[in-house]
Amino acid sequence: MPEFSSVSILKSSANALEHWYERNKRNMPWRLTKEPYKIWLSEIILQQTRVEQGLPYYLAFLETFPTVHDLAKAEEDTVLRVWQGLGYYNRARNLHKTAKIISKEHKGVFPVTYDSLLLLPGIGPYTAAAISSICYEEEVPVIDGNVQRLISRHFLVEERIDSGAGSKALRSIAESWIQGRTPSRFNQAMMELGALICSPKSPSCETCPLNETCLALREDKVFKLPKKKAKKAVRERHLIYHVHRFKGKTLLVKRGTDDVWAGLYEWPSEECNATAQKKIKKAFAKKQQFEIKHILSHQHIHALFILHLEALPKKVEGGQEVGWNSLDDYPMSRLMTRFLELYLL
DNA sequence: AACTCGGGGGT
DNA sequence: ACCCCAGAGTT
């Protein structure tokens with residue numbers, strides 16, 4: 001830790017941080033409770049997800065599954081259907097797994113400590129720290145993207161934060177900083193400041209409660225931090241979807257768990273390269289087609305949907321006949337719902 | 001340590 | 001286009 005971070009500086013900056021938080025925090029429904037079920041639910045939903053995007057899902061989950069037992073009793077497809085559109089679908093599958101463990105093995109009572117929470121599916125270092133500090137005031141710092149950025153700037157951590165040394169440095173500082181604070185308030189204050197003031201592209205250093213002690217601001221390095229490794233190129237994928245529709249029926253398959261959209265339903269598809277896709281497009285020129293380019297953070301998917309209005313094929317691997325009018329019951333990726341919007345327009 | 005896993009919004 | 005978001009699991 002830099003020599004600058006004397007105990008008195010840590011204490012005064014933490015005071016300023018928490019004071020700012022109490023005056024500027026957004027009112028969000030999960031801040032009105034300390035029930036571990038609700039805090040857990042909010043933390044899983046908000047992983048890699050903006051508050052504005054996750055909020056309606058949080059409300060929908062509590063409406064559909066008021067208790068951890070309701071969630072545990074549900075079918076996985078039902079859970080995925082409520083999760084539909086949020087992405088990272090293994091989060092939903094792990095959410096369901098942990099609900100079953102809590103409901104059955106723990107009789108509905110959540111573990112209390114950081115170490116015991118860490119054992120549950122879908123709960124990693126961040127989420128274990130969030131639940132144990134917010135619900136039970138365990139003195140362990142949360143380190144999410146907001147906190148990484150805030151600490152690397154305020155304490156001038158110039159190592160790459162996605163390296164072992166970088167994350168160790170951040171954790172060491174955070175553990176010192178949280179000493180003697182109220183963990184639930186201090187942790188949420190760090191995240192809130194990172195989200196509202198110490199933002200990636202346009203930080204509001206003029207109004208930041210920590211601008212007197214921020215080392216990056218003092219050395220004019222705010223926009224250089226945090227440092228990360230460059231990302232690798234995105235994968236280009238080409239998919240053909242065969243949408244059969246005949247006498248009110250269609251044919252769906254359930255995706256596996258070793259690729260995107262784990263456990264979601266979609267029309268039978270084949271993957272190919274760009275030139276093969278062009279040939280198939282010509283071969284089915286007489287049928288109605290829809291082309292959609294779907295952008296994921298790590299894949300660019302070029303999808304071609306071909307509509308088949310004759311009798312459904314019988315020998316599709318894992319295919320199941322589904323009423324066209326009950327498509328809404330099946331969890332589907334955003335790409336599938338985009339197709340439906342285009343087709344039914 | 002490197003890879004993979006979504007979708008949406010800001011810049 | 002590129003970056004990031006209340007990260008975690010797998011290899």
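Chain identifiers are assigned alphabetically (A, B, ...) following the order of the sequence lines, protein sequences preceding nucleic acid strands; residue numbering begins at 1 within each chain.
The residue A/Ser202 sits close only to the backbone: its heavy atoms come under 4.0 Å of sugar-phosphate atoms, none of a base. Across all strands shown, A/Asn94 has heavy atoms under 4.0 Å from sugar-phosphate atoms exclusively, and none from any base. Contacts of A/Gly194 with the nucleic acid, taken as non-hydrogen atoms under 4.0 Å apart, are absent. Looking at heavy-atom distances under 4.0 Å, A/Gly85 makes contact with sugar-phosphate atoms alone, never a base. Here A/Leu86 lies in heavy-atom contact (under 4.0 Å) with a base. Across all strands, A/Glu52 comes closer than 4.0 Å to no nucleic acid atom at all (heavy-atom distances). Using a 4.0 Å heavy-atom cutoff across all strands shown, A/Asp259 reaches sugar-phosphate atoms only and no base atom.
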Take A/Glu236 and A/His302, measure what side-chain contact (heavy atoms from CB on, under 4.5 Å) needs, and give me the verdict at the end.
CA-CA 8 Å; A/Glu236 303 286 336; A/His302 307 259; 2.7 Å; yes

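The shortest non-hydrogen separation linking A/Glu137 to A/Pro183 is OE1-CD, 3.1 Å.
Shown here are the side chain to side chain donor-acceptor pair (under 3.5 Å) partners of A/Thr98, two or more places apart in sequence or in another chain: there are none. When the side chain to side chain donor-acceptor pair (under 3.5 Å) test is applied to A/Glu22, the partners found at least two apart in sequence or on another chain are A/Lys25.
Mapping A/Arg235 and A/Ser163 onto DNA chain B by nearest heavy atom places A/Ser163 closer to the 5' end of the strand. Residue order along DNA chain C, read from the 5' end via each residue's closest nucleotide, puts A/Gln188 first among A/Gln188 and A/Leu120. Each of A/Lys201 and A/Ala165 lies near DNA chain B, and the nucleotide nearest A/Ala165 is the one positioned closer to the 5' end.
Sorted by first and then second residue, the side chain to side chain donor-acceptor pair (under 3.5 Å) pairs with a member in residues 55-68 of chain A read A/Thr67-A/Asp70; sequence neighbours excluded. Here salt bridge (Lys or Arg N to Asp or Glu O under 4.0 Å) pairs that include residues 159-179 of chain A, with residues two or more places apart or in two chains, are A/Arg160-A/Asp162. Evaluation of the ring-ring contact (aromatic ring centres under 6.0 Å, His included) test over residues 172-212 of chain A, restricted to residues two or more places apart or in two chains, returns A/His154-A/Trp177, A/Phe155-A/Trp177, A/Trp177-A/Phe186.
When hydrophobic residues (I, L, V, M, F, W, Y) are linked wherever their side-chain heavy atoms come within less than 4.5 Å, the members clustered with A/Tyr114 are A/Leu118, A/Val140.
In the displayed structure, A/Lys287 atom NZ is contacted under 6.0 Å by more than 12 heavy atoms of other residues, nucleotides or ligands. Within 6.0 Å of NE2 in A/His106 there are more than 12 heavy atoms belonging to other residues, nucleotides or ligands.
The P atoms of B/dT4 and C/dA6 are separated by 24 Å, rounded to the nearest whole Å. Rounded to the nearest Å, the gap between the P atom of C/dC3 and that of B/dC3 is 16 Å. Nucleotides C/dT11 and B/dG6 are separated by 16 Å at their P atoms, to the nearest Å.
Contact footprint of chain A on DNA chain C: nucleotides with an atom under 4.0 Å from a non-hydrogen protein atom, first to last in 5' to 3' order, C/dC3 to C/dG9. Here the range on DNA chain B touched by chain A, meaning any atom under 4.0 Å from one of its heavy atoms, is B/dA1 to B/dT11.
Against DNA chain B, the stretch residues 330-345 of chain A makes heavy-atom approaches under 4.0 Å through A/Ser333, A/Arg334. Within residues 23-51 of chain A, the residues that place at least one heavy atom under 4.0 Å from DNA chain B are, in residue-number order, A/Gln48, A/Thr49, A/Arg50.
A donor-acceptor pair shorter than 3.5 Å can be found between the side chains of A/Ser116 and A/Thr113.
Scanning DNA chain B for stems, defined as runs of 3 or more consecutive Watson-Crick or G-U wobble pairs whose donor-acceptor distances all fall under 3.5 Å, gives the following ranges: B:1-5 with C:7-11, B:7-11 with C:1-5.
Judged by distance alone, with hydrogens and angles left aside, the side-chain atoms of A/Arg23 form no donor-acceptor pair with the main-chain N or O of A/Glu18 at under 3.5 Å. A donor-acceptor distance shorter than 3.5 angstrom exists from the side chain of A/Asn211 to the backbone of A/Cys208, with no hydrogens or angles considered. Remark: the backbone N or O of A/Ala276 is paired with a side-chain donor or acceptor of A/Asn273 at under 3.5 angstrom.
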Identify each donor-acceptor pair in which a side-chain atom of residues 251-270 of chain A lies under 3.5 Å from a protein atom, sequence neighbours left out, and give them as a table.
residue, atom, partner, partner atom, Å
A/Lys254, NZ, A/Asp77, OD1, 2.9
A/Lys254, NZ, A/Gly263, O, 3.0
A/Arg255, NE, A/Val260, O, 2.8
A/Arg255, NH1, A/Glu266, OE1, 3.4
A/Arg255, NH1, A/Glu266, OE2, 2.8
A/Arg255, NH2, A/Asp259, OD2, 3.1
A/Arg255, NH2, A/Val260, O, 3.1
A/Asp259, OD1, A/Arg237, NH1, 3.1
A/Asp259, OD2, A/Arg237, NH2, 3.0
A/Tyr265, OH, A/Asp77, OD2, 2.6
A/Glu266, OE1, A/Tyr241, OH, 2.9
A/Trp267, NE1, A/Thr250, OG1, 3.0
A/Glu270, OE2, A/His242, NE2, 2.8

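The aromatic rings of A/Phe339 and A/Tyr343 sit parallel to each other, their planes meeting at less than 30°, with 60° as the upper class boundary.
Residues A/Ile102 and A/Lys100 fail the side-chain proximity criterion, which asks for heavy atoms closer than 4.5 Å.
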